[in-house]
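Numbering of ligands and ligand atoms starts at 1, following listing order.
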Amino acid sequence: MNTIELKPGIYSVGIVDWNSRSFHGYAINNGTTYNAYLIIDEKITLIDTVKASFSEELIERISEIVDPKSIDYVISNHVEMDHSGSIPAVMKLAKNAVIVTSSPGGKKGLIAHYGDAYQYMEVKTGDTLKLGKRTLTFVTTPMLHWTDNMVTYCPEEKLLFSNDAFGQHYTSNNRFDDEEELERIMYELRHYYANILMPYGQQAKKALAAVKALDIDMIAPSHGIIWRSHIKEAIEAYEYYAEGRTEDYALVIYDTMWHSTEAIARSILEGFSRRGTRAKLLDLGKTPLSDVMTEMLKAKYLAVGCPTLDSYITPNIGAFLTYMKCLSPKNKLGFAFGSYGWSGQSIGIVEQMLKDMGVEIILDPIRITYVPSEKQLKDIEDRVSEIKIM
Ligand SMILES: [Fe+2]
Ligand SMILES: [Fe+2]
């Protein structure tokens with residue numbers, strides 16, 4: 001990635017992690033970037049760093065513009081190590097730099113990770129820092145998605161450094177939204193929101209209100225593409241997700257051992273089709289959980305199918321329900337289904353786990369012994385097509 005000037009004197013100095021396919025455990029299909037930004041002013045300022053394993057590359061990129069020793073401020077918008085991991089490498093060179101971070105979460109978190117040998121400046125919402133001809137203003141965004149998160153705004157440049165917010169796990173040799181296919185980056189924006197920010201809709205709403213009060217012509221997140229031509233679309237998408245809005249869209253999510261639960265899933269899909277609901281079949285044996293959760297963001301209906309394995313659920317369904325519980329999607333209607341040999345505990349377990357996650361059950365569980373007959377499959381299709389929602 002060539003070093004790119006976002007605005008005169010403001011550079012992108014982060015790195016592209018082309019081949020990463022897992023972000024702390026969930027699948028990312030297109031790699032990611034760790035974006036960091038350098039502001040050249042009377043005070044030389046670095047906004048965020050990158051994952052520790054890319055420290056050398058970050059230092060090289062900074063060195064193409066200034067001597068890293070001359071950095072005065074390191075703004076740490078977020079303690080998570082994909083953004084703070086290279087702070088030790090930077091501070092080793094920039095010995096007199098002050099780390100600017102949120103109070104109290106940022107300082108506490110950074111000390112827990114890197115010790116208390118550095119100089120810290122703690123900031124709260126509304127605090128400002130004069131760099132010379134430019135100013136930085138800070139807005140804390142707690143639990144979006146850690147306690148320490150904040151965003152940094154430069155009013156003179158109408159530029160928001162939004163850290164994880166508005167990020168995408170997406171790689172390209174381009175840096176700006178208008179250099180990429182909009183549909184593609186909007187999907188990656190949704191994928192990121194679903195897998196990182198979904199549990200925090202209420203906090204996202206508050207942060208969006210603060211962001212909308214700012215005069216912005218560029219949003220520079222810490223992952224993926226920088227927004228300059230489609231800021232409105234990105235903010236509107238976040239508003240939609242934060243409100244927990246859903247569409248007339250059904251996901252039929254299942255695991256299968258000998259294709260019986262799969263056959264039921266296909267009948268359920270047909271039932272949704274007959275009632276005019278857009279629907280998608282998702283086999284957990286073949287679909288990454290991060291893609292399932294991305295679909296779930298807009299889905300109103302969930303049908304979750306699991307065969308009984310011994311006396312419990314299958315590992316794929318167990319992993320899915322655990323991940324779903326972490327991300328706690330809102331406003332879902334659903335039901336459980338599955339095939340079994342003799343005891344059939346899995347279907348009741350899945351139903352109970354859905355209920356525990358706040359899913360409103362709209363159909364009695366569908367339980368089939370061994371292999372569903374044609375008549376049973378037709379009956380399932382009819383029952384699903386006749387679901388009435390009050
Ligand atoms: Fe993060
Ligand atoms: Fe991040």
Side-chain angles (χ1 to χ4, degrees), residues 1 12-37 46-55 57-58 74-90 99-102 105-110 112-114 138-152 160-172 175 185 188-204 206-208 211 219-227 234 238 241-242 290 293-294 323 326-328:
M1 184 167 83
S12 168
V13 290
I15 68 98
V16 180
D17 193 356
W18 294 99
N19 295 316
S20 178
R21 292 292 177 270
S22 166
F23 190 78
H24 58 51
Y26 80 77
I28 49 174
N29 306 316
N30 301 291
T32 191
T33 74
Y34 312 109
N35 300 343
Y37 302 99
L46 178 66
I47 312 262
D48 291 314
T49 71
V50 302
K51 211 171 164 181
S53 50
F54 294 95
S55 294
E57 203 174 325
L58 172 71
V74 176
I75 312 294
S76 176
N77 282 314
H78 182 23
V79 173
E80 193 163 14
M81 285 180 279
D82 49 338
H83 309 298
S84 71
S86 294
I87 283 180
V90 170
I99 299 174
V100 181
T101 186
S102 68
K107 185 177 175 186
K108 210 171 144 190
L110 290 174
H113 283 75
Y114 308 110
F138 306 98
V139 180
T140 60
T141 53
M143 290 321 295
L144 207 63
H145 62 125
W146 281 17
T147 54
D148 60 276
N149 281 84
M150 67 175 192
V151 298
T152 297
L160 180 72
F161 298 98
S162 62
N163 196 266
D164 280 339
F166 304 108
Q168 330 96 53
H169 287 310
Y170 181 69
T171 50
S172 168
R175 296 269 30 91
I185 53 174
E188 296 299 339
L189 183 82
R190 190 195 320 169
H191 196 279
Y192 188 93
Y193 186 98
N195 287 279
I196 297 277
L197 301 177
M198 192 193 277
Y200 308 113
Q202 290 311 314
Q203 293 86 344
K206 275 189 210 158
L208 281 167
V211 165
I219 296 180
S222 59
H223 298 286
I225 292 294
I226 296 166
W227 303 91
Y238 260 50
Y241 306 146
S290 52
M293 295 313 297
T294 304
Y323 193 46
C326 289
L327 295 173
S328 53

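- The Fe ion (ligand 1) has no N, O or S atom of D82 inside 2.8 Å of it.
- Note on H78: not counted as a metal contact of the Fe ion (ligand 2), no N/O/S atom lying under 2.8 Å.
- There is no side-chain donor-acceptor pair under 3.5 Å between N195 and H169.
- As for E80, its N/O/S atom nearest the Fe ion (ligand 1) is the one called OE1.
- A donor-acceptor distance shorter than 3.5 angstrom exists from the side chain of N149 to the backbone of L144, with no hydrogens or angles considered.
- The Fe ion (ligand 1) does not have H83 among its coordinating residues (no N/O/S atom, backbone or side chain, under 2.8 Å).
- For M143, the CE atom is densely surrounded, since the number of other residues' heavy atoms within 6.0 Å is greater than 12.
- Considering just the N/O/S atoms of D164, the one nearest the Fe ion (ligand 2) carries the name OD1.
- Outside the 6.0 Å centre-distance limit, the rings of F23 and H191 are not counted as a close aromatic pair.
- The closest donor-acceptor contact from the side chain of R190 to the backbone of Y238 lies at 3.5 Å or more, if one exists at all.
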